[in-house]
Amino acid sequence: MSSTSLRFGAERSYPLPHAGPDARFTESLVNSVAAVLVGYGYPRLDAPADRTALESTLAAFLYTPMENDI
């Protein structure tokens, strides 16, 4: 149990189990998260490498790697 679980009295909801493609994880989702960041004053994600890094970071937050599902 993490310190967050202890502090708030609830188990974590993320990362989610991930066994394959998820129709909810779209370019639109990445664009929406990028827009929220810009709305909070962070720089635009104009470089393809920045957008790729955001997509990878979101996937890491959202999903449990398959190797950990054993």
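In this text the structure is predicted, and so the values were computed from the model without any measurement.
Under a 3.5 Å cut-off, the side chain of T64 and the backbone N or O of L16 do form a donor-acceptor pair.
Partners of S13 by side-chain contact (heavy atoms from CB on, under 4.5 Å), not counting sequence neighbours: none found. In terms of the salt bridge (charged side-chain N to carboxylate O under 4.0 Å, His left out) criterion, residue partners of D22 (sequence neighbours excluded) are, by chain and number, R24. In terms of the side-chain contact (heavy atoms from CB on, under 4.5 Å) criterion, residue partners of L54 (sequence neighbours excluded) are, by chain and number, V30, V33, A34, L37, L45, L58. In this view, A35 satisfies the side-chain contact (heavy atoms from CB on, under 4.5 Å) rule with no residue, not counting sequence neighbours. For the side-chain hydrogen bond (donor to acceptor under 3.5 Å, both in side chains) test, residues two or more places apart in sequence or in another chain that qualify with N31 are R51.
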* Mind running side chain to side chain contact (heavy atoms under 4.5 Å, CB included) on Y63 and Y14 for me, showing each step along the way? => CA-CA 7 Å; Y63 306 113; Y14 295 92; over 6 Å; no
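Interatomic distance, CG of L29 versus CG of L62, reported as 7.0 Å (0.5 Å rounding).
Judged as a side-chain hydrogen bond (donor to acceptor under 3.5 Å, both in side chains), the pairs with a partner in residues 34-45 (not counting sequence neighbours) are, in order, R44-D46.
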